[in-house]
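Every chain is numbered from 1, with letters handed out A, B, ... down the list of sequences.
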There are 2 protein chains.
Amino acid sequence: MTIKSEINLNSPSSEYLSHLSIDCVVFGFHENQLKVLLLESNFFEEWALPGGFVRHKETLEEAATRILQERTGVDEIFLTQFRVFSDPERKNPGFKPDSMQKAGISMENFDWLNQRFLSVGFYALIEFSKVNPQPDLYSSKCEWKNVEEVCSLMMDHNEILEAALETLRLQLRYQPIGYNLLPEKFTMPELQKLYETILGRELDRRNFQRKILSYKIVKRLPERRTGVAYKAPYLYSFDLDVYNRALTDGLSGDW
Amino acid sequence: MTIKSEINLNSPSSEYLSHLSIDCVVFGFHENQLKVLLLESNFFEEWALPGGFVRHKETLEEAATRILQERTGVDEIFLTQFRVFSDPERKNPGFKPDSMQKAGISMENFDWLNQRFLSVGFYALIEFSKVNPQPDLYSSKCEWKNVEEVCSLMMDHNEILEAALETLRLQLRYQPIGYNLLPEKFTMPELQKLYETILGRELDRRNFQRKILSYKIVKRLPERRTGVAYKAPYLYSFDLDVYNRALTDGLSGDW
DNA sequence: CCAAAAGTGTTCGCATTACACCCATGT
DNA sequence: ACATGGGTGTAATGCGAACACTTTTGG
């Protein structure tokens, strides 16, 4: 079992803070659907959020960025913490002695992994197309899943995902969103669909457009999207100056 | 130095999670001013937020409640976590070998206390008059301080306080506030002053009243406040049914 | 020419804003 | 009587919600 040393499950407590982990909820948007990045553990055949442990000399934010990179190959992502999950009973139900032995993990690592963990939830919004998800050595797969169709996840990861979504919805009330989720150029209906997906309800086309335009965070381009089986929609792109100002100053919006 | 064992600074790592602490920002409202509950350390002559460590078998929320009780005597408070502060350099500048020795703390405790700590920030709103702040054995004083006049605090506690205030302001946008901060009966100008203090700006008397009343979260009582040097204002009290519903469903309000 | 989707404008009602007058109380 | 602060009403404005017609495109 050389894999054990490669993936550094041995004596991790010297390198990492004990009792504290990080889980990342990474959202993307593709084909008009909100996606979340998940890993399938090759030990326990369960899907999970990409997570990991915190080193002694890094902030949580640095740790989250590193963990996401190590576990999924996704790089240069701005992650935001949103809550700590601290149920004393939260531990991996897959971390049972027999399954650990099957996976070739020794009992001393089991002790460490089976102790209590608090986990800090982070979330990020990233542009789907810029990402090439790569599973790490712990995982057999790394894939985007539709948020609406996520199966049962490891530990309390479903709860963490739900909480991240809720945070996203709140954020929508007073911050612009989309720059990190949509490609450089996009259509108004695409942006609208993003809002609708996050909010979980439909919005009026015309009112949506008027409102978004009133914020001035998007500019209409002279081009249109071609090759569609109906009237060609205009393309838009974000006006980063205004967008970033809105990020800090907030919007009045009431969705 | 018997105090050492009484206050349990010896070998705390067996009882508590290492590397992780909690700090509580407790807001009150009195004489038309927003207050925060602070302790003065009797070791280091610095003011600090009430904080402490997490036990192995409790959630963060349970820990925060316990810590607040132990350190200030304040009981039955609902605390909400709002952020983790994780700068690796955040440690107590007062925890220096000489000041530790002066305080009669041995070097082995110093090692533990001088290690890196992450801290989870919690905040709470409580009714000023229901509280009798009592410093614990670590502290010489436990007092309410005007939020606007808080001096330089231990470690990064000023930053934590600022972040809590910011959270409070955001919360005001979509949740009712005041039930935990005001006495049973209060006047409309008092409620308004609370909002103004949190928001840091003045509001129009008449518009404020109309808006609050439109939410139906307060009921006007038949009584008025007497003994004031001007027209006696009506008393109000919260309608808990509506108030609690608004807590979960949110308000439309745009302050 | 028709279905599907996009572009555009108008009306209505409510909420926010700004503002003015009267009332009660203690000095 | 008067200064201070509280109670109430109204007009103007702006924003969100609801809604209909026209235009473009591929089939």
Can you give one letter per nucleotide of nucleotides 18-27 of chain C, going 5' to 3': B for a protein heavy atom under 4.0 Å from the base, S for sugar-phosphate only, - for none?
BBB--BBBS-

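The stretch residues 177-187 of chain A participates, sequence neighbours left out, in these salt bridge (Lys or Arg N to Asp or Glu O under 4.0 Å) pairs: Lys185(A)-Glu223(A). Sequence neighbours left out, the pairs with a member in residues 118-134 of chain B that pass salt bridge (Lys or Arg N to Asp or Glu O under 4.0 Å) are Glu127(B)-Lys130(B). For residues 29-39 of chain B, the side chain to side chain donor-acceptor pair (under 3.5 Å) pairs, not counting sequence neighbours, are Gln33(B)-Asn146(B), Lys35(B)-Asn146(B). Pairs engaging residues 149-162 of chain B under the salt bridge (Lys or Arg N to Asp or Glu O under 4.0 Å) rule: Arg83(B)-Glu159(B), Arg90(B)-Asp156(B) [sequence neighbours left out]. The ring-ring contact (aromatic ring centres under 6.0 Å, His included) pairs that include a residue from residues 140-169 of chain B are Phe128(B)-Trp144(B), where partners are two or more places apart or lie in different chains. Identified under the salt bridge (Lys or Arg N to Asp or Glu O under 4.0 Å) test for residues 232-246 of chain B, with sequence neighbours left out: none.
Here Trp47(B) pairs with nothing under the ring-ring contact (aromatic ring centres under 6.0 Å, His included) rule; sequence neighbours left out. Annotation: ring-ring contact (aromatic ring centres under 6.0 Å, His included) contacts of Phe186(B) (sequence neighbours excluded): Phe238(B). For Ser139(B), the side chain to side chain donor-acceptor pair (under 3.5 Å) partners two or more places apart in sequence, or in a different chain, are Arg71(B), Asp136(B).
When the P atom of dG9(D) is taken as reference, atom CG of Leu213(B) falls 12 Å away, rounded to whole Å. Atom CG of Leu203(A) is separated from atom C1' of dA18(D) by 14 Å (rounded to the nearest Å). For the pair Ile212(A) CD1 and dC15(D) P, the computed distance is 15 Å after rounding to whole Å. Between the C1' atom of dT8(C) and the CD atom of Gln209(A) lies a distance of 8 Å, rounded to the nearest Å. Note: CD (Glu223(B)) to C1' (dG6(D)) measures 17 Å, nearest angstrom. Between the OH atom of Tyr234(A) and the C1' atom of dA5(C) there is a distance of 15 Å, rounded to whole Å. The interatomic distance linking Tyr236(B) (OH) with dG6(D) (P) rounds to 11 Å, in whole Å. The distance between atom CG of Leu251(B) and atom P of dT16(C), rounded to the nearest whole Å, is 11 Å.
Bending across the helix from dC1(C)-dG27(D) to dT27(C)-dA1(D), expressed as the angle between its end axes from five pairs apiece, amounts to 0° (10° rounding).
A heavy atom closer than 4.0 Å to some atom of DNA chain C occurs in Pro189(A), these being the qualifying members of residues 186-200 of chain A.
Centroid-to-centroid, the aromatic rings of Tyr195(A) and Phe208(A) come within less than 6.0 Å.
A donor-acceptor pair shorter than 3.5 Å cannot be found between the side chains of Tyr138(A) and Glu70(A).
Among the heavy atoms of the strands, none lies under 4.0 Å from Arg225(B).
Contact annotation: Lys211(B) reaches the phosphate of dT16(C) (side-chain N/O to OP1 or OP2, under 4.0 Å).
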